[in-house]
There are 2 protein chains.
Amino acid sequence: MAGNTASTGVDSAGSATSGGPVGAPRRLRSDAQRNIDSLLEAAKAAFGTSGVDAPAKEIADLAGVGVGTLYRHFPQRSDLVVAVIQRDIDACADAASTLSAANEPGVALAKWLFRYTEFLATKRGLAAALHSGDPAFDALPGYFFERLGPVLGSLLEAAIASGEIRAGISPKDLLYAVANLSLPVADEGVAYSQRMVALLIDGLRYGAELQRS
Amino acid sequence: MAGNTASTGVDSAGSATSGGPVGAPRRLRSDAQRNIDSLLEAAKAAFGTSGVDAPAKEIADLAGVGVGTLYRHFPQRSDLVVAVIQRDIDACADAASTLSAANEPGVALAKWLFRYTEFLATKRGLAAALHSGDPAFDALPGYFFERLGPVLGSLLEAAIASGEIRAGISPKDLLYAVANLSLPVADEGVAYSQRMVALLIDGLRYGAELQRS
DNA sequence: TTGCTAAACGGAAAGCAATTCCGTATACTA
DNA sequence: TAGTATACGGAATTGCTTTCCGTTTAGCAA
């Protein structure tokens, strides 16, 4: 779970001067670890209540720590946002593998995409941050793909092999396309997103039979 | 062109001589109008250079006015953003009618969608604002649709009539779907957006022949 | 257990950008 | 040409992020 280390650094390089095994950055003190967890919990709650722009103070209070502590672990407000999102990405990836094991290839693909859609729908404001242009979020899309890409990749591969879906679409493209389609627009809700995703899936089915056999 | 009046009010009504009836807003003073124009120009430039988060001061300086003046015409920073976007929406709508007059229905539809895609691509940060959840932008999607909906509606209608596209998709859905797909993701450029839009169009073609005749 | 020290804490203060206020300047009208 | 509503500029206010630093504490060794 990447989120836990925050971006305080804990840079992988241990610069081995002490002769010990490289990359042993010294373990986090227990209270620090506890506070990081509290902060992530609090942040998730605050983002849900007050949106991504919830003041740092509000989050710190909710977590029962001072703002100084918040900034010790998450040097920039955006680092907290990133950590929270990464946590949820991990959860989604895990759910995917379970789902793929219990369904037919084509069904598994569609089901997972809809599940993914719902997952994104709960993000709302968080997803917006992704597109804010703030360099602080530059790493997120990468993490997104790194984590979910392989999962969707297998689903896709299986569905193509069974002839239900045409080849030629990359996991990355599909991942991002659905993410974008799931952004909240106007007064429409999740229903809109799902309609659009369904349309995209039809696009994938278009011409699939030509490749069969 | 809605942008010019800013949100200071100045509702469309004009006329009304001296002892006029209720709601004669009184025309804008010439220097005020000039400053509003300068501000819109400056804002567009600043957004391009420093992103949507360009400081108000920067924009005011660029326009050669004080921040007080900026806030007089655009009470909230977001009002400026809205005005700039509306301007560009209008331009896109106009281009659409021209295009639709010079092409076959199906071609016109596809061409316009790609043109629309490119238009959105230049917005980048601005588009992100749309999804920020800030209530200040609530009116934008409405304007977006009000202006572009009818245009895309005609294109769509014609393409459906010619049997190239299946019925059942609303202009609104398509408009928003493409807008979302055009959001910048990761390191991909416009090419990505266009690939996805093409996929969506294929989705529309899927099953079209079944409805023919 | 006790003592020591690096690590972590909390919250006051500093830094910044958005927004408001208000005295001054100016475009219109009579 | 004078009078007045409008508009102007920029200093002051406000609210939030981020930094700083004296105080507290977990983890370790004697």
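By convention in this document, chain letters (A, B, ...) are assigned in the order of the sequence lines, proteins followed by strands, and residues within each chain are numbered from 1. This is a predicted model, so every value here is computed, not measured.
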Gap between atoms CZ and C1', on R34(A) and dA26(D) respectively (whole Å): 9 Å
Roughly, in whole Å, what's the span from CD1 in I36(A) to P in dA8(C)? 8 Å
How many whole angstroms separate atom CG of L70(B) from atom C1' of dA17(C)? 13 Å
Counting side-chain heavy atoms from CB outward, which of dA7(D), dT17(D), dC9(C) is closest to H73(A)? dC9(C)
Is a donor from one side chain sitting under 3.5 angstrom from an acceptor on the other, for Y71(B) and D79(B)? no
Between L80(A) (CG) and dC16(D) (P), how many Å, whole number? 17 Å
Taking for each residue the nucleotide of DNA chain C with the nearest heavy atom, is it V65(A) or A54(B) whose nucleotide lies nearer the 5' end? V65(A)
List the atom of L175(A), the atom of Y116(A), and the distance in Å for their closest heavy-atom pair. O-OH, 2.9 Å
Among dA8(C), dT17(D), dT19(C), the nucleotide that comes nearest once only the side chain of R72(A) is considered: dA8(C)
Measuring from atom OG1 of T49(B) to atom CG of L62(B), what distance do you get when rounded to the nearest 0.5 angstrom? 7.5 Å
Whole Å only: how far is the CZ atom of R77(A) from the P atom of dT19(D)? 14 Å
Rounded off to whole Å, could you give me the CG-to-C1' distance for the D79(B) and dT20(C) pair? 15 Å
It should be established whether Y71(A) places a side-chain nitrogen or oxygen under 4.0 Å from OP1 or OP2 of nucleotide dT18(D). yes
Output the rounded distance in Å from NZ (K57(B)) to P (dG9(D)). 12 Å
Nearest to the side chain of A32(B) - dA18(C), dA7(D), dG10(D)? dA7(D)
In short, L80(A) meets L40(A) closest at the heavy-atom pair CD2-CD2, 4.0 Å
Provide, to the nearest angstrom, the distance between the CG atom belonging to D61(B) and the P atom belonging to dG9(D). 11 Å
Does a side-chain N or O of N35(B) approach OP1 or OP2 of dA7(D) to a distance below 4.0 Å, or not? no
Can you tell me if the side-chain N/O atoms of Q76(A) get under 4.0 Å from OP1 or OP2 in dT17(D)? no
Is it true that a side-chain atom of R195(A) and a backbone atom of I169(B) form a donor plus acceptor pair closer than 3.5 Å? no
Exercise: identify the closest heavy-atom pair between L152(B) and P171(B): CD2-O, 3.5 Å
Counting heavy atoms not belonging to E157(B), are there more than 12 under 6.0 Å from its CD? no
Please tell me which of P55(A) and G68(A) maps to the more 5' nucleotide of DNA chain D, matching each residue to the nucleotide holding its nearest heavy atom. P55(A)
Check the interface with nucleotides 27-30 of chain D: list each N/O to N/O pair with the protein under 3.5 Å, or write none.
from: dG27(D); atom 1: OP1; to: S30(A); atom 2: N; distance (Å): 3.1
from: dG27(D); atom 1: OP1; to: S30(A); atom 2: OG; distance (Å): 3.2

